[in-house]
There are 2 protein chains.
Amino acid sequence: MTITEVSKKFGLSPDTLRYYERIGLIPRVHRNESGIRDYTEEDCRWIEFIKCMRDAGVQIEALIEYVALFQQGDATVEARKQILIEQREQLIARIEEMQKALERLNYKIEQYETKVVPAQNKLKR
Amino acid sequence: MTITEVSKKFGLSPDTLRYYERIGLIPRVHRNESGIRDYTEEDCRWIEFIKCMRDAGVQIEALIEYVALFQQGDATVEARKQILIEQREQLIARIEEMQKALERLNYKIEQYETKVVPAQNKLKR
DNA sequence: ATAAGGCATAGAGTTAACTCCAAGTCAACT
DNA sequence: AGTTGACTTGGAGTTAACTCTATGCCTTAT
């Protein structure tokens with residue numbers, strides 16, 4: 001697959017794909033004879049995984065480390081697992097924050113719906 | 001309350017509190033005779049609300065607009081409600097993205113725990 | 001064979017959201 | 001009275017994560 005195809009497939013710009021590769025957020029992509037990127041199935045799986053994590057707000061730093069460890073082989077299995085566990089904890093914490101905000105928004109919207117002007121509004125001069 | 005007290009109470013730096021006020025993310029804070037911020041209960045409620053929203057990733061732009069409308073009074077009730085609804089939708093979408101990533105992390109960690117080396121790893125040269 | 005279009009790289013520029021800095025004011029101790 | 005320390009402002013600097021630009025190389029249609 002060409003970079004343009006991959007770009008469309010995953011909704012990431014070619015610039016972003018090149019950038020991800022440059023900083024080691026995805027392993028080095030396969031090239032053809034003239035040095036042009038020719039993404040394999042595996043390259044695509046990496047991109048999809050990374051996109052999923054990035055969309056969820058997982059920090060690039062942690063992912064770069066994960067990819068680097070991955071490329072160092074089986075000796076790093078435990079370290080990789082720890083990174084995933086750490087990121088999972090952070091993700092859970094963020095989801096909880098968001099649930100709190102969501103409940104708050106639900107409550108506020110409900111107030112507006114029942115035409116009850118919120119307390120803050122009343123106090124406001 | 002002084003800015004330092006509010007800073008500690010909400011875990012936002014004084015710089016951030018001043019910044020939020022400057023850009024209209026919170027309404028202008030009450031001052032004493034010598035121009036020094038003296039946060040009222042209401043100021044604090046705003047800060048707490050904004051912090052909750054920001055922690056959940058709600059965009060500053062939307063919040064600034066909300067605050068601005070708020071200060072324009074009751075005529076803007078409907079517009080404010082629409083902003084909240086829009087932000088709620090975005091929040092729900094983001095939570096869903098994060099749930100997906102979480103499931104994926106759970107799966108991957110489980111793989112590591114059962115000593116099954118992930119498929120990607122096997123394919124990797 | 002030449003012009004166009006896609007891709008390459010290195011490095012500069014952008015954006016959001018802070019965070020820091022310099023210079024100055026003011027109340028409260030010593 | 002002078003020093004200290006928290007506060008003020010306007011504006012510059014930082015960081016993360018892209019995004020764009022300049023320059024140049026291939027391949028392909030004319």
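Each chain gets a letter, A, B and so on, in the order the sequences are listed, and its residues count up from 1. Keep in mind it's a predicted model, so treat the numbers as computed, not measured.
The pair B/R45-B/E48 does not meet the salt-bridge criterion, since no charged nitrogen lies less than 4.0 angstrom from a carboxylate oxygen.
Taking only side-chain atoms of A/T4, from C-beta outward, the nucleotide of C/dG6, D/dT8, D/dC7 with the closest atom is C/dG6. Side-chain atoms of A/Q59 lie closest to D/dA17 of the nucleotides C/dC18, D/dG10, D/dA17. Considering only side-chain atoms of A/I60, the nucleotide from D/dC7, D/dA17, C/dT19 that sits closest is D/dA17.
Protein atom CD1 of A/I50 is 14 Å distant from nucleotide atom C1' of D/dA17, rounded to whole Å. C/dG11 atom P lies 16 Å from atom OH of A/Y19, rounded to whole Å. Rounded to whole angstrom, the span from the CG atom of A/N32 across to the C1' atom of C/dC7 amounts to 10 Å. Going from atom CD1 of A/I26 over to atom C1' of D/dA17 covers 15 Å, rounded to whole Å. Summarising the geometry, the separation between CD1 on A/I23 and P on D/dT19 is reported as 12 Å, rounded to the nearest angstrom.
Taking 4.0 angstrom as the limit, B/R18 places none of its side-chain polar atoms (N or O) nearer than this to OP1 or OP2 of D/dT9. Taking side-chain N and O atoms only, B/Y20 has no distance below 4.0 Å to OP1 or OP2 of C/dA17.
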Query raised in the report: Run the side chain to side chain contact (heavy atoms under 4.5 Å, CB included) check on A/I47 and A/Y39 step by step: do they pass?
Result: CA-CA 10 Å; A/I47 289 163; A/Y39 292 78; 3.6 Å; yes
Requested in this report: Show your working on side chain to side chain contact (heavy atoms under 4.5 Å, CB included) between A/Q90 and A/Q87 and close with a plain yes or no.
Outcome: CA-CA 5 Å; A/Q90 291 187 21; A/Q87 293 310 310; 3.9 Å; yes
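Counting atom types as modelled, A/D15 pairs a side-chain N or O with a base atom of D/dC20 as donor and acceptor under 3.5 Å.
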